[in-house]
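To keep things clear, I will list the structure first and then write my remarks on it.
Letters A, B, ... mirror the listed sequences (proteins, then strands); counts begin at 1.
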Amino acid sequence: MPELPEVETIRRELKPVIIGRRIERVKVLWPKTVAPTSARRFQTSLRGQTVTGLGRRAKILLIKLANNLTLTIHLKMTGQLIYRHSEYQIVGGHPQAGGADNLPNRFTRLVLDFDNRGQLFFNDARKFGWSRLLTGADQAELIRHFGPEPLTRDFSQNYLAQLAARYPRRPIKALLLDQTLIAGLGNIYADESCFRAGLQPARLAGSLKPANTARLHQAIQQILKLAISKKGTSARDYRRPNGQQGNFADLLQVYGRGGKPCLVCRQIVIKNRLVRRGTHSCPRCQH
DNA sequence: CACTTGACCTGTCCGC
DNA sequence: TGCGGACAGGTCAAGT
């Protein structure tokens, strides 16, 4: 489930290999991936464009083009972006990873061919992911739609405290997952942030004291920075552009550890459902 | 307005 | 071996 650290890793690793490259050919293998634009219109709009930069907003990758359009990609749950070139090392092993098997495979929805014979494959087993070409006005709207980026100054202790005060009856996990309030957290990092902050995900935001919001703020930033430094979490399908897994899964404290002993206190980690998500927490470390 | 549910999708795993 | 069902969760539209 690519969240902020995964998309940021993809952005950083893809940037040096596709920046300055011209898109020579676009193959749309699953038209719904580029809907509502038709596959043909998508292809003709993209062909011949040169990549001038790579950005990210929340969980969306922004591929900036020379004509001031931006190609946006959302990987949702199972999306992958795999880059291949004869001089770019690929590591395989996973059936969806674009490693040992040939690409495109049965999960490939979109392929971009570059002028240096490099290829970018957008694979997505569940077809939730999408790619759209945005004009300047559309970009501005996309930027506005999301809350502050949690690793910038816009996301301050004070901002988080104000959020909690504004939504006192919502569980803190609901606030963390709301993209219009905070951009880029998903299920994994919401649970991990709550654990690091010593707070139950179900705890109502209105019950947080200033020390709690301060600790939660710090936990979110520390977890995201650490996850980026480890190139993200390959819980299932996520892969880096070279096919390798991220390394943060080894450092998860509660996510995916329901029924296992807490790594801090040995109490059994509880898994239940909260805001329709599998939610993991330690009954002893979190209050 | 605040909050919840359904829909979009399919691979994987489990019990029978 | 095959099959039904549960489960995974990001996001938006629709419902309460």
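- Distances shorter than 4.0 Å separate none of the side-chain N or O atoms of A:Q179 from OP1 or OP2 on C:dG10.
- Within residues 182-195 of chain A, the residues having any heavy atom closer than 4.0 Å to DNA chain C are, in order of number, A:G186, A:N187.
- The distance from atom CZ of A:R57 to atom P of C:dG10 is 17 Å, rounded to the nearest whole Å.
- For A:R276, there are no side-chain contact (heavy atoms from CB on, under 4.5 Å) partners, not counting sequence neighbours.
- Inspection of the A:N212 and A:R203 side chains reveals an N or O donor paired with an N or O acceptor under 3.5 Å.
- The CG atom of A:L274 sits 13 Å away from the P atom of C:dA8 (whole-angstrom rounding).
- Listed by chain and residue number, A:R40, A:R41 satisfy the side-chain contact (heavy atoms from CB on, under 4.5 Å) test with A:S38 (two or more places apart in sequence, or in another chain).
- C:dT11 and B:dC1 have their P atoms separated by 23 Å, with the value rounded to a whole Å.
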Taking only distance into account, with no hydrogens and no angle test, what donor-acceptor pairs under 3.5 Å do side-chain atoms of residues 179-196 of chain A form with protein atoms, sequence neighbours excluded?
residue, atom, partner, partner atom, Å
A:Q179, OE1, A:G184, N, 2.9
A:Q179, NE2, A:L177, O, 3.1
A:Q179, NE2, A:L185, O, 2.9
A:T180, OG1, A:D178, OD1, 2.7
A:N187, OD1, A:K173, NZ, 2.6
A:N187, ND2, A:G278, O, 2.9
A:Y189, OH, A:E6, OE2, 2.5
A:Y189, OH, A:T233, OG1, 2.7
A:D191, OD1, A:K173, NZ, 2.7
A:D191, OD2, A:H280, N, 2.9
A:D191, OD2, A:H280, ND1, 2.8
A:E192, OE1, A:Q253, N, 2.8
A:E192, OE2, A:Q253, N, 3.2
A:E192, OE2, A:V254, N, 2.9
A:E192, OE2, A:Y255, N, 2.8
A:S193, OG, A:Y189, O, 2.6
A:R196, NE, A:Q222, OE1, 2.8
A:R196, NH2, A:Q222, OE1, 3.1

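- A side-chain donor-acceptor contact under 3.5 Å links A:T70 and A:Q139.
- Spacing of P atoms, C:dC3 relative to B:dC9, comes out at 24 Å, to the nearest Å.
- Looking at residues two or more places apart in sequence or on another chain, you find a side-chain contact (heavy atoms from CB on, under 4.5 Å) between A:T135 and A:L69, A:A137, A:D138.
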Checklist entry - For DNA chain B, what dot-bracket results from Watson-Crick or G-U pairs at under 3.5 Å, with [ ] for crossers and | for inter-strand partners? => result .|||||||.|||||||

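- Nucleotides C:dA6 and B:dG6 are separated by 14 Å at their P atoms, to the nearest Å.
- For residues 196-226 of chain A, the set of pairs meeting the ring pair (Phe, Tyr, Trp, His ring centres under 6.0 Å) definition, not counting sequence neighbours, comprises A:F155-A:H217.
- In this structure, A:N272 atom CG and C:dA6 atom P are separated by 19 Å, rounded to whole Å.
- Pairs engaging residues 35-66 of chain A under the ring pair (Phe, Tyr, Trp, His ring centres under 6.0 Å) rule: none recorded [sequence neighbours left out].
- Rounded to a whole Å, the CG atom of A:L176 is 14 Å from the P atom of C:dT11.
- Counting any heavy atom pair closer than 4.0 Å across all strands shown, A:F146 reaches no nucleic acid atom.
- The side-chain contact (heavy atoms from CB on, under 4.5 Å) check on A:P283 picks up A:Q267, A:I270, with sequence neighbours excluded.
- The separation between A:L177 atom CG and C:dG10 atom P is 7 Å, rounded to whole Å.
- In this structure, A:G278 reaches the sugar-phosphate backbone alone: every heavy-atom distance under 4.0 Å involves primed, P, OP1 or OP2 atoms, never a base.
- Checking A:T279 against A:N272 by side-chain atom types alone, no donor-acceptor pair falls below 3.5 Å.
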Checklist outcome for this item: Contact string for nucleotides 1-11 of chain B, one letter per nucleotide 5' to 3', B = base within protein heavy-atom range under 4.0 Å, S = sugar-phosphate only, - = neither, reads --S-SB-BBBS

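- Listed by chain and residue number, A:E8 satisfy the salt bridge (charged side-chain N to carboxylate O under 4.0 Å, His left out) test with A:R11 (two or more places apart in sequence, or in another chain).
- Phosphate contact (OP1/OP2 of C:dT11, side-chain N/O of A:H74, threshold under 4.0 Å): present.
- Residue pairs meeting the ring pair (Phe, Tyr, Trp, His ring centres under 6.0 Å) criterion with at least one member in residues 162-182 of chain A: none, sequence neighbours excluded.
- In this structure, CZ of A:R132 is placed 10 Å from C1' of C:dT11, rounded to the nearest angstrom.
- One can place NE2 of A:H280 at 7 Å from P of C:dA8, the figure rounded to the nearest angstrom.
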